[in-house]
Structures are given as structure tokens and as C-alpha cells.
Amino acid sequence: MANLTADVVVIGGAATGSSVACHLAMRDDFSGRIVVIEADPAYETCASARSAASIRQQFSTAINIEISLYGIRFLREIGAALEVNGDRPVIDLHEGGYLFLATPDKADILKANHALQQELGADIDLYDPAGLKQKFPWLEVSDLAAGCHGLTGEGWFDGYGLMQAFRKKARSLGVDYLAAKAAVETDGAGGWRVKLSSGETITTPVVVNCAGASGGAEICRQAGLEVPIVPRKRCVFTFECRDRLENFPLLIDPTGTYARPEGTGFICGSAPPEDQDPDCSDFDVDYGLFEEHVWPTLATRVPAFEAIRPGAAWAGTYDMNLFDHNAFVGPVPELDGFYLALGFSGHGLQQSPAVGRGLGELIATGGYQTLDLSPLSINRLAANTPIVEKNVV
């Protein structure tokens with residue numbers, strides 16, 4: 001059994017974990033050894049590979065808006081930022097915007113969110129029903145009071161490509177990736193032992209838990225921390241529409257059901273009702289959700305969707321934070337050297353650039369240097385002060 005050492009061990013090598021490793025390795029003020037442990041080296045089941053892969057500024061809290069404002073800048077410049085030996089990654093970023101719709105009972109919330117988004121510099125327009133119908137003539141607006149559309153800075157991209165770009169850049173900078181399952185324990189001297197299923201043990205002063213839905217809560221438990229993070233299934237369905245719908249954005253119906261273009265067709269989905277959303281570890285597709293809720297809802301909102309041809313579908317898992325549906329990011333005060341980037345509740349891909357940068361700053365210098373991510377600290381759990389995010393999709 002080999003006993004190895006590292007300066008930082010990142011558990012979980014998908015988008016967030018690879019972003020942390022990459023950003024830390026890119027820093028001139030850090031020269032330690034970074035090891036990333038990934039239990040699924042083919043990335044077949046990770047959320048990064050099964051996500052609908054989108055980015056938005058239309059949140060209701062400043063921290064989430066600011067994270068995504070940085071994220072879109074990073075995605076626009078990814079070719080230069082993550083170039084390796086002249087090879088520039090391409091993630092097919094399409095800034096088609098989100099379109100959030102509100103019925104009269106939610107219009108005031110939408111307008112308040114819009115005011116904050118504009119104040120922070122997001123490029124979002126607010127429309128009344130007539131304005132919505134003029135811009136999106138294929139949209140049913142009779143029950144709506146308002147809608148917000150991201151003119152720039154929001155859209156969708158190749159999430160798998162982003163993950164692989166972080167990973168490739170990190171490896172080019174000397175980050176080691178090991179394929180194994182990991183378990184953690186204290187080493188009795190103020191550091192950590194990371195035990196691998198391969199039989200190796202890594203001693204390190206710093207562990208960053210980015211294990212997501214596949215084991216993030218269990219890694220916390222092994223370290224002596226209980227977190228309300230569980231795996232929840234989300235299904236993505238594809239379909240073709242015979243009508244051509246111009247300027248179709250990422251549409252968010254007031255019910256939370258969504259649809260967006262993908263190639264020549266569309267992808268769509270919706271969270272199931274809370275009483276039908278158990279903890280889950282399988283990847284079986286719930287076709288009944290599409291037949292009974294998603295398609296009827298979308299056909300009501302977009303009449304052209306009454307005649308569609310359903311296609312392939314897949315399922316993935318979120319690391320759902322039951323406390324407030326926002327990530328825990330940063331150090332755990334009572335556990336020296338133990339950091340979290342966990343519980344993203346579906347926002348991990350779009351938040352991975354800012355979170356990776358922030359944790360790189362924190363580990364290298366002891367503090368955040370650009371965007372202060374402390375509002376996402378796990379301290380809010382003990383203080384019972386949840387982040388109230390009203391735009392949860």
C-alpha cells in the first residue's frame with residue numbers, strides 16, 4: 001500500500017473540482033502538489049455531463065448574480081483562459097437568454113428581481129404581456145402579467161466541454177488525477193488522510209470536497225460534519241417541433257417547466273412535485289413526468305408544441321441542498337483544512353468558474369481577493385440564516 005503526500009487533495013473531478021484545481025494551479029503564488037480524486041473517470045454519471053448546461057443572471061440574490069456575471073465573462077474568454085499548447089477549447093456558447101414569465105401573483109417578485117439584476121449590471125429587459133407577444137409571437141400570454149428576458153449574458157453551452165477544458169488545463173499545469181473512490185479521516189496531526197479504493201493513502205493538509213451528489217455528503221460525514229445535501233433526480237427530454245420558432249430563448253414557465261433549443265430541436269424538463277421527489281441514485285427516466293406535466297404545460301404556453309415528436313431522454317442527479325438550495329462554499333470553521341464546494345442544487349456548471357477562482361484565492365492566500373463568496377459559507381447553516389433565492393428552477 002503506497003503512502004503519498006499532497007498539498008491539496010480535491011475530491012471530485014467534474015466541473016467544480018477541476019475548476020478549483022485549475023485555478024489554484026494557475027496561480028503564481030502557489031506551487032504545491034494538487035491531486036484530484038475522481039470515482040467516475042469516464043464522467044458517465046456526473047452532473048456536469050448530464051446537465052442542461054446553461055447560465056443566467058436572473059437570480060434574486062446579489063451573490064448568485066455576481067457569480068454568474070463573472071461566469072459569463074469567463075465562458076466568453078475560455079479559449080484564451082484555458083488554452084493548452086495552442087489548442088483553444090470551444091464550448092459553443094449561445095447567448096439566447098432566459099425568458100422568465102410571471103402570472104399576476106408573482107409579477108412584483110419578478111420586477112423586484114429585475115431591479116436588483118439591473119443594479120448589478122445584468123443586461124435584462126422587462127416586458128408587459130403586449131411586449132412579450134410582440135417579441136415572441138409564438139408565446140401564449142393571456143394569463144401573464146410580465147416577463148424578463150436576458151438580452152446578453154445568458155444562454156447555454158457545452159457543459160461537458162467546459163469540464164474537460166478545466167481538466168485538460170489542470171493536467172497541463174501538473175495536477176495529478178487519480179481514478180478511485182475516496183474516504184477521509186484526520187491524521188492526528190492537524191491534517192487529513194485520504195484513503196483510496198486503489199489501496200493508496202494520501203496525507204494532506206487541505207481537502208476540498210467537490211464530490212457532488214455521488215458522495216459529497218458522505219465525505220462530510222466522515223470528516224465529522226452533517227450537511228443536508230441529498231441526491232435528487234432530474235430528467236431531460238428532447239423533442240422536435242414541425243414549426244420554426246424564431247429567437248427561442250431558454251423559456252421558464254411560471255410553473256418552473258423549461259424548454260430551450262438544442263440543435264434542430266429542443267430540450268425540456270421540470271422538477272417533480274416535492275412529494276414525488278425522493279432521494280435517488282438510479283438514472284431511470286420518468287417518462288410519465290413528460291407525458292403528464294412537461295408536454296401539456298409547454299403546449300399550453302407555446303401552442304406550436306402541441307404537435308411535436310418526442311426524442312431521447314436522460315436522467316442525472318443534483319446535489320440538492322435542502323437547507324436553502326444554494327451551495328456551501330469555503331472552509332468549515334471547526335475542521336481545519338477542510339473546504340466545501342457542494343450542494344449547488346443544479347447551478348454547479350454555471351458557478352464553477354467563480355467558485356474555482358474563489359477557492360483558489362482562499363487556499364493560496366487565506367482570503368477572497370476578487371468576489372467575496374463568504375455569503376455561501378456553511379456558517380449560515382449553524383446560524384439558521386438561509387439564502388432566500390426566489391428564482392429557483
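For Lys181 and Asp40, the salt-bridge test fails: no basic side-chain N is under 4.0 Å from an acidic carboxylate O. Ion pairing between Glu262 and Arg260 holds under the 4.0 Å rule for side-chain N and carboxylate O. Here Asp253 pairs with Arg301 in a salt bridge; the nearest charged N to carboxylate O distance falls below 4.0 Å. Salt-bridge annotation for Arg56 and Glu154: absent, with no side-chain N of the basic residue lying under 4.0 Å from a carboxylate O of the acidic one. Residues Arg33 and Asp7 are not paired through a salt bridge, judged by the lack of any N-O separation under 4.0 Å between the basic side chain and the carboxylate.
Atom SG of Cys22 is separated from atom CE of Met26 by 4.0 Å, given to the nearest 0.5 angstrom.
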Worked check of ring pair (Phe, Tyr, Trp, His ring centres under 6.0 Å) between Trp192 and Phe338: CA-CA 9 Å; Trp192 299 92; Phe338 193 77; 5.3 Å; yes
Could you go step by step and tell me if Phe266 and Phe305 meet the ring pair (Phe, Tyr, Trp, His ring centres under 6.0 Å) rule? CA-CA 10 Å; Phe266 296 84; Phe305 287 166; 5.1 Å; yes
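When only modelled atom types and interatomic distance are considered, Ser68 and Gln350 share a side-chain donor-acceptor pair under 3.5 Å.
The shortest side-chain heavy-atom distance between Leu132 and Leu99 falls under the 4.5 Å cut-off. In this structure, Tyr318 and Ile229 have side chains that are not in contact, with every pair of non-hydrogen atoms separated by 4.5 Å or more.
Tested against Tyr287, the residues Leu289, Val285, Asp284 include a single side-chain contact (heavy atoms from CB on, under 4.5 Å) partner, Val285.
A distance of 6.0 Å or more separates the ring centres of Phe100 and His114.
The aromatic rings of Phe239 and Phe290 sit tilted relative to each other, their planes meeting at an angle between 30° and 60°.
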